[in-house]
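Worksheet: the structure to be examined is printed underneath.
Values in this document were obtained by computation on a predicted structure and should not be read as measured data. Note on naming: letters A, B, ... go to the chains in the order of the sequence lines (proteins, then strands), and numbering restarts at 1 for each one.
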2 protein chains.
Amino acid sequence: MRSAAAREAILAATARQFQLRGYDNLTIEGIAKEAGVGKQTIYRWWPSRGALIAECLTDGRLFPVDFDIPVSGPVLDDVETWLDRVLAVLHSPGGSGLLRSLVAAAAEDDAVGQHLSEGIGVEQSLHTRLTLAVRAGELPADAPVDQLGSAILGAIIVQALGREEADAEGLRELVRFLLRPDGQAGSSA
Amino acid sequence: MRSAAAREAILAATARQFQLRGYDNLTIEGIAKEAGVGKQTIYRWWPSRGALIAECLTDGRLFPVDFDIPVSGPVLDDVETWLDRVLAVLHSPGGSGLLRSLVAAAAEDDAVGQHLSEGIGVEQSLHTRLTLAVRAGELPADAPVDQLGSAILGAIIVQALGREEADAEGLRELVRFLLRPDGQAGSSA
DNA sequence: GATCATACGTGACGTCTCGTCTCGTTCCTG
DNA sequence: CAGGAACGAGACGAGACGTCACGTATGATC
């Protein structure tokens, strides 16, 4: 198998076309042409368009940045740092379209769906950071860590799907509310 | 314009095909055939497949139930009632596929995206109920009501996209955590 | 009741992409 | 230096796209 060069060219072309044209306008023939590769070479190694995207996703080729989360201060600060990094991508030109395309791919393809959270850094980074916070007593011991990760990512996705301008302040507010220490929220009716 | 009969047949066929085959296998020609209608009649009134779905969505034709939320007790109970109703649909055969298809449609089409929350009852029902709770002092005055709605819906969507078995207990836990009265969570480090 | 505009169903058009299938060609292995 | 695997190229049938032209049905106007 000599695939090394072909594999690289195919994945690079896939990522570029995905960013450029979105998921539903992504064609195997377009990828093959850009990669300078025969269609059969793609079909030989990947069973579907989705598998191709899933591999780009786990290789971190779809987003221009990595979504590592720092462990350098209060959870809230660290999570806001991560959030700002995500929002920066969303606000860049084509950024929300990119996320929508990724969601479309995740909805239509099992392989992509199973790695969606992971690709945005929720699985490893956010989850890990929140677990640390629980252990450090920054969050209640019964905080449902993975559900909180899904909720934050989900809120971002719902917002992107709604075609609103990404409401950065709203999301920061949400995170602050979710991660608030007990008994600190503004009271009264 | 005589569309009344044709319109009804087209929307009914669209909803049925959508539930049956999913969004990406939904074809205009298939809808036309099932509706006993010419393709042109569809293209005359709807600009795209997405517009068709959006209309089915706002007509409540895509889900077999309505997602009204009761106002009959503590917020938490009422929201859990709504959640159970949503989960019942997700657990029914083809239910999570249906949600994924809807998300795919929302990701690819503006019109569907703008009415997604609304179709699951988040926009009117959940949002309204949470606002009432804030006003009644059940939730902190600074609770970001619409963000919470997005977060809950988002968590459901992320879970469905991940192809896990819908984790009903996890979602209930999330809702309980999100809507917990101040200072009630299990403490200690 | 004849006329006219318009919505209808049918079905063919050219285009696109799919996934499969040959072709030669290249290049690694033994 | 052979043999074979992986390659680039691209033809192929299938099927859906969105548009178009035709002839029929319907409902309003005079």
Side-chain angles (χ1 to χ4, degrees), chain A residues 1-56 97 100-102 104-113, chain B residues 1-56 59 97 100-102 104-112:
Chain A
M1 73 190 68
R2 173 165 70 97
S3 73
R7 191 192 110 100
E8 175 57 32
I10 290 168
L11 290 177
T14 300
R16 218 186 71 90
Q17 291 274 317
F18 185 84
Q19 292 163 352
L20 202 65
R21 315 169 55 86
Y23 180 66
D24 48 337
N25 292 321
L26 187 72
T27 72
I28 298 284
E29 292 182 343
I31 294 171
K33 172 171 275 186
E34 171 163 338
V37 141
K39 281 200 291 178
Q40 191 62 32
T41 302
I42 296 178
Y43 284 111
R44 199 180 342 256
W45 299 104
W46 292 274
S48 67
R49 210 169 45 135
L52 220 31
I53 297 296
E55 187 155 343
C56 285
R100 282 200 301 273
S101 268
L102 186 55
E108 288 181 356
D109 188 281
D110 291 10
V112 180
Chain B
M1 73 190 69
R2 173 166 70 97
S3 73
R7 191 191 109 100
E8 176 57 31
I10 290 168
L11 289 177
T14 300
R16 217 185 72 90
Q17 290 275 318
F18 185 84
Q19 292 162 352
L20 202 64
R21 314 169 56 84
Y23 180 66
D24 48 336
N25 293 321
L26 187 71
T27 73
I28 298 284
E29 291 182 342
I31 294 171
K33 173 171 272 186
E34 170 163 340
V37 139
K39 276 201 291 180
Q40 191 64 269
T41 302
I42 296 178
Y43 284 111
R44 201 181 339 261
W45 299 103
W46 292 274
S48 68
R49 213 168 44 135
L52 220 31
I53 297 296
E55 188 156 341
C56 285
D59 272 24
R100 281 200 302 273
S101 269
L102 187 55
E108 286 180 357
D109 188 280
D110 291 10
V112 179

| request: Specify the angle, to 10°, made by the local axes at the two ends of the helix from C/dG1-D/dC30 to C/dG30-D/dC1 when five pairs are taken at each end. | output: 10°
| said: Without decimals, in angstroms, what is the distance between A/I10 CD1 and D/dG8 P? | reply: 7 Å
| Hey, does the side chain of B/W45 come within less than 4.0 Å of C/dC8's phosphate (OP1/OP2), counting only N and O? | yes
| Pair listing, salt bridge (charged side-chain N to carboxylate O under 4.0 Å, His left out) test, anchored in residues 38-49 of chain A, at least two apart | A/E29-A/K39
| task | Give a yes/no answer on whether the side chain of B/T41 brings an N or O atom under 4.0 Å of OP1 or OP2 in C/dA7. | result | no
| query | With sequence neighbours left out, what residues match A/R16 under salt bridge (Lys or Arg N to Asp or Glu O under 4.0 Å)? | reply | A/E34
| request: Identify, with sequence neighbours excluded, every residue that meets salt bridge (Lys or Arg N to Asp or Glu O under 4.0 Å) alongside A/D24. | output: none
| message | Using the salt bridge (Lys or Arg N to Asp or Glu O under 4.0 Å) criterion, which residues pair with A/R7? Sequence neighbours excluded. | response | A/E55, A/D59
| query | Is the phosphate of C/dA7, meaning OP1 or OP2, less than 4.0 Å from a side-chain N or O of B/R44? | reply | no
| query | What's the CZ-P distance between A/R7 and D/dA6, to the nearest Å? | reply | 16 Å
| said: If I compare all heavy atoms of A/F18 with all of A/L26, which pair ends up nearest, and what's the gap? | reply: N-CD1, 3.7 Å
| field | Interatomic distance, B/N25 CG vs C/dC18 P [rounded to whole Å] | value | 14 Å
| field | Non-neighbouring partners of A/A9 that pass side-chain contact (heavy atoms from CB on, under 4.5 Å), sequence neighbours left out | value | A/A35
Detail all sub-3.5 Å separations between protein N/O atoms and N/O atoms belonging to nucleotides 18-21 of chain D.
residue, atom, partner, partner atom, Å
D/dG18, OP2, B/Y43, OH, 2.3
D/dG18, O5', B/Y43, OH, 3.4
D/dG18, N7, B/K39, NZ, 2.9
D/dG18, O6, B/K39, NZ, 2.7
D/dC20, N4, B/Q40, NE2, 2.9

| note | Contacts of A/A51 meeting side-chain contact (heavy atoms from CB on, under 4.5 Å) (sequence neighbours excluded), chain-then-number -> A/W46, A/P47, A/S48
Distance-only donor-acceptor pairs under 3.5 Å for side chains of residues 105-112 of chain A, two or more places apart:
residue, atom, partner, partner atom, Å
A/D109, OD1, A/A111, N, 2.8
A/D109, OD1, A/V112, N, 3.3
A/D110, OD1, B/R163, NE, 3.0
A/D110, OD1, B/R163, NH2, 3.2

